[in-house]
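These numbers come from the heavy atoms of this one structure, side chains and all, not from hydrogens, waters or symmetry mates.
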Amino acid sequence: MEKEGGKKRFSLFESVDMTTGNLFLKIGLFALPIALTVVMQLLYTTVDLITVHYGDSAESMGAIASNTALINLIVVVFTNISLGANVVLAQARGAGEKEKAEKVMHTSIIFALISGIAVGVLGFFISDDLLRMMGTEAHYLEKATLYLKLYFTGLPFLMLYNYEAQLLRAQGDSQTPFFVLMIAGIINVGFDCLFVFPLHMGVAGVAVATVISQGVSAVLCFLSLLLSKKHYVSLYFRKFRIDGKILGEVVKVGLPAGLQGFFFSLPNVFIQSSLYTIDPGNEQLENGAIASSNIEGYIYAGVEGLTSAVMSFISQNYGAKKPENIKKTLWYGLIWVTMYWGLACVVTAFSYRGLLSLFVDTEEAIEAGRQRLFLMAFTYVLDGTMIITGGALRGMRHSTFPMLTTLVFCALFRIIFLRTLFRVDMFHTLFWLYACFPISWVLATISNAIALIYFMPRECKKLEQTTIEAETADSRSSEAK
């Protein structure tokens with residue numbers, strides 16, 4: 001808040017205090033820019049698809065779409081790894097440990113750059129093998145490989161932006177990453193149109209446009225951390241060094257989260273390749289599924305925004321030793337995700353045809369997309385509950401359990417289903433292919449709920465005991481004086 005004439009004036013760019021006030025409202029407002037940020041990221045791919053569809057060919061659109069599951073896997077994994085920086089910095093801020101918060105920030109930025117370069121180089125050289133492994137059709141392979149190779153060249157920018165965004169959110173600023181990505185998104189659209197229509201660069205053009213926009217987002221967020229004085233801590237060039245202990249803390253939380261993202265997204269690659277076996281050569285079936293998958297990504301944006309908000313709020317209150325706020329945040333997050341799911345169901349039910357028509361133009365493709373979209377959207381509250389309960393555990397630094405839950409129920413369960421029951425004629429249908437999603441969500445939610453019932457009372461009791469001991473020590477110190 002800023003004072004003007006003796007009164008407090010709300011500032012759009014102010015950082016949110018996650019430990020006081022109306023937490024229910026704050027969680028919703030904090031989650032909104034994060035959800036919109038995810039939407040902007042999704043728009044990169046959507047604009048790429050639409051641009052090449054009208055400016056080049058349907059084959060080019062199919063080549064980019066065939067990368068969707070793999071690129072989502074890459075993005076989810078590295079976004080989740082960066083959650084470690086969010087949790088550790090948020091807890092440091094909640095505890096008032098400014099020096100530690102600075103170390104988290106500088107260590108995380110260096111780690112993001114180094115790991116982004118390493119994975120980007122590796123991915124560039126194995127792009128063809130990755131696409132062959134996931135069963136990409138031969139007529140898409142050349143263009144799909146070109147797109148993926150160029151995408152990997154921008155991975156250092158993607159890593160930097162994700163870490164920078166998490167560091168900003170940990171300090172209560174979810175607006176800056178959104179506005180930065182909005183600027184980058186406009187740039188992406190402009191270069192897409194330039195490279196595809198007048199310059200006729202096709203797949204290569206939209207890939208280069210994406211890399212440029214990712215570079216812009218990384219640089220702008222870096223400048224915000226460097227120059228802004230409204231944050232709890234800022235970047236200083238003289239402080240850029242890796243602190244081994246801090247890196248260990250970040251990796252301890254972030255690596256299980258990254259593996260969780262990998263386990264969550266890996267089966268989607270197999271599900272996409274299994275889709276080709278239901279009616280081989282039926283491009284309408286495949287295009288409908290791809291169209292539905294793109295729309296689901298936008299629905300998921302709200303869930304991801306709420307999960308990130310819940311995790312950040314719980315992390316700060318954990319650092320501030322406020323157990324009651326931790327419990328409230330969990331329940332508020334579940335209420336918000338249920339309300340959001342209800343809205344998504346209404347929009348899907350009444351607008352599915354218009355939404356699918358953005359990507360496909362035949363009745364057969366729209367019907368194939370509708371089957372998947374209805375099954376997924378109408379059960380998405382299960383996915384939201386699973387992810388929010390996992391985020392709550394991660395906010396209390398129990399990151400390994402939700403990772404194992406995801407491994408067992410969202411990875412192994414789905415892969416085993418595809419390798420066994422799905423091969424039986426009765427289950428070899430679109431319905432059962434996609435039904436494995438909500439079934440796994442139910443099982444994972446039950447597992448996370450059991451973990452919360454076990455861990456949350458113990459963590460809250462530990463925080464209460466720590467507070468009592470600190471108050472007792474302060475009282476004795478005052479008496480001694």
Donor-acceptor pair, side chain of K100 and main chain of R93, under 3.5 angstrom: no
query: Which pair of non-hydrogen atoms, one from L375 and one from A435, has the smallest distance, and what is that distance?
result: CD2-N, 3.4 Å
message: With salt bridge (Lys or Arg N to Asp or Glu O under 4.0 Å) as the criterion, how do E459 and K462 come out once you've worked through the C-alpha distance, each side chain's angles and the decisive distance to 0.1 Å?
response: CA-CA 5 Å; E459 290 295 338; K462 182 172 70 175; 3.2 Å; yes
task: Kindly determine whether T20 and K322 satisfy side-chain contact (heavy atoms from CB on, under 4.5 Å), including the steps that lead there.
output: CA-CA 10 Å; T20 60; K322 294 189 175 183; 3.7 Å; yes
task: Considering non-hydrogen atoms only, spot the tightest contact between G333 and V310 and give its length.
output: CA-CG2, 3.7 Å
pair F191-L194: side-chain heavy atoms closer than 4.5 Å: yes
message: Whether R238 engages the ring of F240 as a cation-pi pair (distance to the six-membered ring centre under 6.0 angstrom, angle to the ring normal within 45°) should be assessed.
response: no
- request: Can you measure from CD (Q175) to CD1 (I34) and round to the nearest 0.5 angstrom?
  value: 9.5 Å
field: Ion pair check, E464 and K321, cut-off under 4.0 Å
entry: no
- prompt: Within a strict 4.5 Å, meaning less than it, do heavy atoms of the F124 and T153 side chains meet?
  reply: yes
task: Would you sort out whether Y298 and V38 count as a side-chain contact (heavy atoms from CB on, under 4.5 Å), showing the intermediate values?
output: CA-CA 8 Å; Y298 290 96; V38 177; over 6 Å; no
task: Supply the atom-to-atom distance L412 CG to I416 CD1, rounded to the nearest 0.5 angstrom.
output: 5.5 Å
query: Heavy atoms, side chains only, cut-off 4.5 Å: are I109 and L167 in contact?
result: yes
task: Look only at the side chain of K98 and the backbone of V233, and say whether a donor-acceptor pair between them is shorter than 3.5 Å.
output: no
task: Could you tell me whether K103 and E99 make a salt bridge, using a distance below 4.0 angstrom between a side-chain N and a carboxylate O?
output: yes
- prompt: So do E249 and R397 actually touch side chain to side chain, heavy atoms under 4.5 Å?
  reply: yes
- prompt: Where is the tightest heavy-atom contact between V87 and G395, given as atom of each residue plus distance?
  reply: CG1-O, 4.3 Å
- prompt: Any chance the side chains of Q316 and S312 put a donor and an acceptor closer than 3.5 Å?
  reply: no
field: Closest heavy-atom pair and its distance - M386, A444
entry: SD-CB, 3.4 Å
- prompt: Looking at side-chain heavy atoms only, is the closest gap between S224 and V180 below 4.5 Å?
  reply: no
message: Less than 4.5 Å apart, side chain to side chain, heavy atoms only: is that true for Q171 and M18?
response: no
- line: When every non-hydrogen atom of A377 is compared with those of C345, the smallest separation belongs to O-SG, 3.8 Å
- request: Could you check F178 against L181 for side-chain contact (heavy atoms from CB on, under 4.5 Å), going step by step and ending with a plain yes or no?
  value: CA-CA 5 Å; F178 164 64; L181 208 63; 5.7 Å; no
message: Quick check for you: to the nearest 0.5 Å, what is the distance between L452 atom CG and K327 atom NZ?
response: 12.5 Å
field: Donor-acceptor pair between N162 and S82 side chains, under 3.5 angstrom
entry: no
- request: Provide the full list of ring pair (Phe, Tyr, Trp, His ring centres under 6.0 Å) pairs with a residue in residues 377-403, sequence neighbours left out, each pair given once.
  value: F374-F378, Y380-W441, H398-F455
query: Stepwise, does the side-chain contact (heavy atoms from CB on, under 4.5 Å) test hold for M456 with L330?
result: CA-CA 10 Å; M456 184 170 278; L330 173 60; 3.7 Å; yes
field: Rounded distance (nearest 0.5 Å) linking atom CG of L226 with atom CD of E164
entry: 10.5 Å
query: Between T176 and D173, is any side-chain donor less than 3.5 angstrom from a side-chain acceptor?
result: yes
query: Okay, side chain of S440, backbone of F437: is any donor-acceptor separation there less than 3.5 Å?
result: yes
message: Using modelled atom types and a 3.5 Å cut-off, is there a donor and acceptor pairing between side-chain atoms of N448 and backbone atoms of T389?
response: no
- prompt: Could you give all pairs that pass the ring pair (Phe, Tyr, Trp, His ring centres under 6.0 Å) test and reach residues 148-176, with sequence neighbours left out?
  reply: none
- request: Say whether, by atom type as modelled, one donor and one acceptor occur between the side chain of D243 and the main chain of I246 under 3.5 angstrom.
  value: yes
task: State, without any angle test, whether S174 and R169 hold a side-chain donor-acceptor pair at a distance under 3.5 Å.
output: no
query: Is the side chain of S115 donor-acceptor paired with the backbone N or O of A112 at a distance under 3.5 Å, no angle test?
result: yes
- request: Name all residues meeting the ring pair (Phe, Tyr, Trp, His ring centres under 6.0 Å) criterion together with F30; count only those two or more places apart in sequence or in a different chain, and write none if there are none.
  value: F313
Flag, side chain of W336 to backbone of F24, donor-acceptor distance under 3.5 Å: yes
task: Hey, could you give me the CZ/CD1 distance between R394 and I387, rounded to the nearest 0.5 Å?
output: 9.5 Å
- request: Measure the CE-OG distance between M376 and S292 for me, rounded to the nearest 0.5 Å.
  value: 7.0 Å
query: Should T210 and Y147 count as side-chain neighbours, where that means a heavy-atom distance under 4.5 Å?
result: yes
query: Heavy-atom distance under 4.5 Å between the side chains of T348 and I295, does that happen here?
result: no
field: Heavy-atom donor-acceptor pair, S399 side chain to V253 backbone, under 3.5 Å
entry: yes
query: Cation-pi between K239 and Y236: NZ/CZ under 6.0 Å from ring centre and within 45° of the ring axis?
result: yes
